[in-house]
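Have a look at the structure below, then the notes.
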Amino acid sequence: MKLETRLQQELATLAERGLTRRHRRLDSPCGPRAVVEGREMLAFASNDYLGLAAHPEITQALADGALTWGAGSGAAHLVSGHLAPHEILAQRLAAFTGFARALTFSTGYLANLAVTPSLAPGRDDAIFADKLNHASLIDAAQLSRARQHRYPHNDMAALERLLAASDARTKVIVTDAVFSMDGDLAPLAELFELAERFDAWLVVDDAHGFGVLGPHGQGSLAHCGIPAHPRIVLMGTLGKAAGVGGAFVAASELVIDYLAHKARSYIFTTAAPPAMAVALLKSLELIAAGDARRAHLAALIRQLQAGLAGLPWTLLPSQTAIQPLIVGDNEAALALAHALWAQGLWVAAIRPPTVPAGTARLRISLSAAHSEADVARLVAALQALA
Ligand SMILES: *Cc1c(COP(=O)(O)O)cnc(C)c1O
């Protein structure tokens with residue numbers, strides 16, 4: 001079939017460039033000690049930053065939630081799929097993040113698709129996005145007809161020039177709070193100041209900060225001392241530090257009301273199973289009471305940084321659980337990941353197009369479920385391979 005030729009050729013090209021992707025099958029729940037295709041591994045590859053993904057109390061809440069509320073929600077939120085646990089979860093998320101209201105989504109990808117195209121739909125609007133923003137934010141911008149401006153990573157002077165030159169009806173600044181492949185923070189205070197000065201919305205994707213950063217794990221805005229504000233729209237995911245799945249958007253009463261009327265990825269999709277909301281309520285409790293988990297994670301981060309100083313690869317400066325070790329070449333990054341794998345250590349090699357060409361890396365992902373001994377084992381293995 002001629003249709004198949006192009007697909008085969010493109011896959012062959014990816015293979016030549018060392019970009020073939022494959023699934024690794026886990027035979028155990030998510031956690032540092034994972035059975036992967038029958039082999040026991042020490043994993044530094046998930047986004048389960050607080051070690052909640054297989055937490056017994058959350059798992060129990062999920063099971064109880066299913067027994068009480070059934071398996072599925074049966075419809076979209078605005079049809080008949082908005083069950084009491086969804087409502088309570090949305091209220092708790094709003095209270096926890098300090099915003100007036102929140103909407104929940106089945107995934108962060110869908111949550112991001114809801115926000116930017118709704119706030120900036122038309123040709124006379126403009127979107128200002130960090131060049132390293134997550135793919136879902138980039139895809140969201142593609143759903144809008146607005147003019148697109150990508151500014152160099154965290155370059156506030158460049159953003160200021162773009163904002164000053166724009167005569168758009170509505171301006172929307174969009175940023176990851178913690179960049180998913182670099183682990184660094186956006187300068188949220190400066191971004192907010194620019195948003196105020198140029199009367200722009202500020203959309204913050206806190207997929208990797210929620211639960212981890214800030215007092216009680218309230219997230220990156222709280223970490224930077226920025227209180228909720230009518231021009232800020234916060235997105236957080238619930239499948240990473242929160243350990244379950246789904247996402248939320250928190251904002252003012254007006255913005256949330258508007259999104260509920262306009263956002264197609266909210267309106268035209270089935271609400272998540274209600275048991276997930278029940279599990280997430282337990283997760284939120286554990287996050288709020290999770291200072292010991294966050295302190296342990298911070299200690300592991302310091303241990304890793306000290307252990308990897310002076311190696312031929314550069315650890316990007318990151319205060320978060322995402323610790324990227326830059327290798328550079330695609331094949332070299334893969335080879336290093338394979339060498340670790342051979343020793344029972346699972347660290348993901350991240351290559352283009354996920355990261356810019358020439359910056360292939362190991363994305364070492366730490367979790368409060370790791371022990372000091374786990375990190376020491378990874379450090380020793382990398383030192384020996386250097
Ligand atoms: C993971 C991630 C998302 C998507 O969230 P899902 O719930 O996994 O769909 C969005 N933004 C960022 C920055 C992410 O890292």
Side-chain angles (χ1 to χ4, degrees), residues 1-28 30 32 34-48 107-110 112-113 129-143 150 153 176 179-183 207-208 237 239-240 245 308 311-316 318 321-366 378 381-382 384-386:
M1 207 198 329
K2 203 167 140 231
L3 282 174
E4 291 182 333
T5 314
R6 183 176 62 82
L7 276 54
Q8 284 158 347
Q9 282 171 349
E10 285 188 26
L11 287 175
T13 307
L14 288 175
E16 277 164 29
R17 292 197 207 137
L19 295 177
T20 295
R21 313 290 297 255
R22 56 170 299 225
H23 293 86
R24 296 233 193 246
R25 189 195 71 240
L26 267 79
D27 300 320
S28 64
C30 174
V35 182
V36 187
E37 289 159 8
R39 263 192 78 186
E40 191 149 327
M41 302 292 293
L42 177 56
F44 294 90
S46 83
N47 302 315
D48 179 26
T107 72
Y109 194 102
L110 286 177
N112 276 339
L113 294 190
D130 190 290
K131 278 210 167 133
L132 293 192
N133 275 353
H134 188 261
S136 56
L137 290 173
I138 296 167
D139 294 359
Q142 301 291 321
L143 288 176
R150 307 281 301 276
H153 179 49
D176 281 23
F179 287 85
S180 49
M181 295 301 143
D182 288 41
H208 302 278
T237 61
K240 289 169 181 162
L308 298 187
L311 294 192
W313 314 290
T314 316
L315 199 59
L316 288 184
S318 153
I322 303 166
Q323 293 289 319
L325 191 66
I326 303 292
V327 178
D329 178 66
N330 294 346
E331 295 294 344
L334 262 192
L336 190 56
H338 284 152
L340 291 172
W341 179 266
Q343 299 179 43
L345 293 162
W346 185 10
V347 184
I350 308 283
R351 293 160 286 160
T354 310
V355 293
T359 70
R361 65 197 66 184
L362 295 188
R363 183 181 184 273
I364 302 169
S365 176
L366 295 175
L378 176 64
L382 282 165
L385 288 164

Notebook entry, point to check: Is there side-chain contact between S136 and L113, with heavy atoms separated by less than 4.5 Å?
Noted result: no
Margin query: Between L132 and M181, is there a side-chain heavy-atom distance shorter than 4.5 Å?
Written below: no
Checklist line | Minimum heavy-atom distance between A337 and A349, given as atom pair plus value | finding: CB-CB, 3.8 Å
Notebook entry, point to check: Quick one: are L336 and L382 in side-chain contact, heavy atoms under 4.5 Å?
Noted result: yes
Check: What's the spacing between R363 CZ and S180 OG if we round to 0.5 Å?
Finding: 6.5 Å
Checklist line | Beyond-backbone contact of L325 with V347, side-chain heavy atoms, under 4.5 angstrom | finding: no
Next item on the list: Using modelled atom types only, decide if a donor and an acceptor are shared between the side chain of D176 and the backbone of N133 within a distance under 3.5 Å.
Entry: no
Next item on the list: Using ring-ring contact (aromatic ring centres under 6.0 Å, His included) as the criterion, list what pairs up with H208, not counting sequence neighbours.
Entry: Y49
Checklist line | CG on L366 to CG on L378, rounded to 0.5 Å | finding: 8.0 Å
Check: For E37, which residues count as a side-chain contact (heavy atoms from CB on, under 4.5 Å) partner, sequence neighbours excluded?
Finding: R22, R24, R25
Margin query: Give me the atom names and distance for the closest heavy-atom approach of W313 to I326.
Written below: CB-O, 3.3 Å
Check: How many angstroms lie between atom OH of Y109 and atom OG1 of T237, to the nearest 0.5 angstrom?
Finding: 15.0 Å
Next item on the list: Please report the shortest heavy-atom distance between V327 and A333, naming the atom on each side.
Entry: CG1-N, 3.6 Å
Check: Looking at residues at least two apart in the chain, or sitting in another chain, which of them share a side-chain contact (heavy atoms from CB on, under 4.5 Å) with T314?
Finding: none
Check: Rounded to the nearest 0.5 Å, how far apart are CG of L137 and CG of D130?
Finding: 10.0 Å
Next item on the list: Write out all pairs satisfying side chain to side chain donor-acceptor pair (under 3.5 Å) with one or both partners inside residues 338-362, taking only residues at least two apart or from two chains.
Entry: D182-R361, T359-R361
Notebook entry, point to check: For N330, what residues pass the side-chain hydrogen bond (donor to acceptor under 3.5 Å, both in side chains) criterion, not counting sequence neighbours?
Noted result: none
Notebook entry, point to check: Who pairs with A135 by side-chain contact (heavy atoms from CB on, under 4.5 Å), at least two apart in sequence or on another chain?
Noted result: none
Checklist line | Closest contact, heavy atoms only, A43 versus A34 | finding: CB-CB, 4.4 Å
Checklist line | Minimum heavy-atom distance between P356 and P352, given as atom pair plus value | finding: O-CG, 4.1 Å
Could you give the side-chain donor-acceptor pairs of residues 8-15 under 3.5 Å, partners two or more places apart or in another chain?
| from | atom 1 | to | atom 2 | distance (Å) |
| --- | --- | --- | --- | --- |
| E10 | OE2 | R6 | NH1 | 2.9 |
| T13 | OG1 | Q9 | O | 2.9 |

Check: Quick one: CD1 on I350 to CD1 on I364, what's the gap to the nearest 0.5 Å?
Finding: 11.5 Å
Check: How close do G183 and S318 get, heavy atom to heavy atom, and via which atoms?
Finding: O-OG, 3.1 Å
Note to self: Test of understanding: with side-chain contact (heavy atoms from CB on, under 4.5 Å), list the residues that count as partners of E331, not counting sequence neighbours.
What the structure shows: D329, L334
Next item on the list: Measure the CE-CG distance between M41 and L26 for me, rounded to the nearest 0.5 Å.
Entry: 10.0 Å
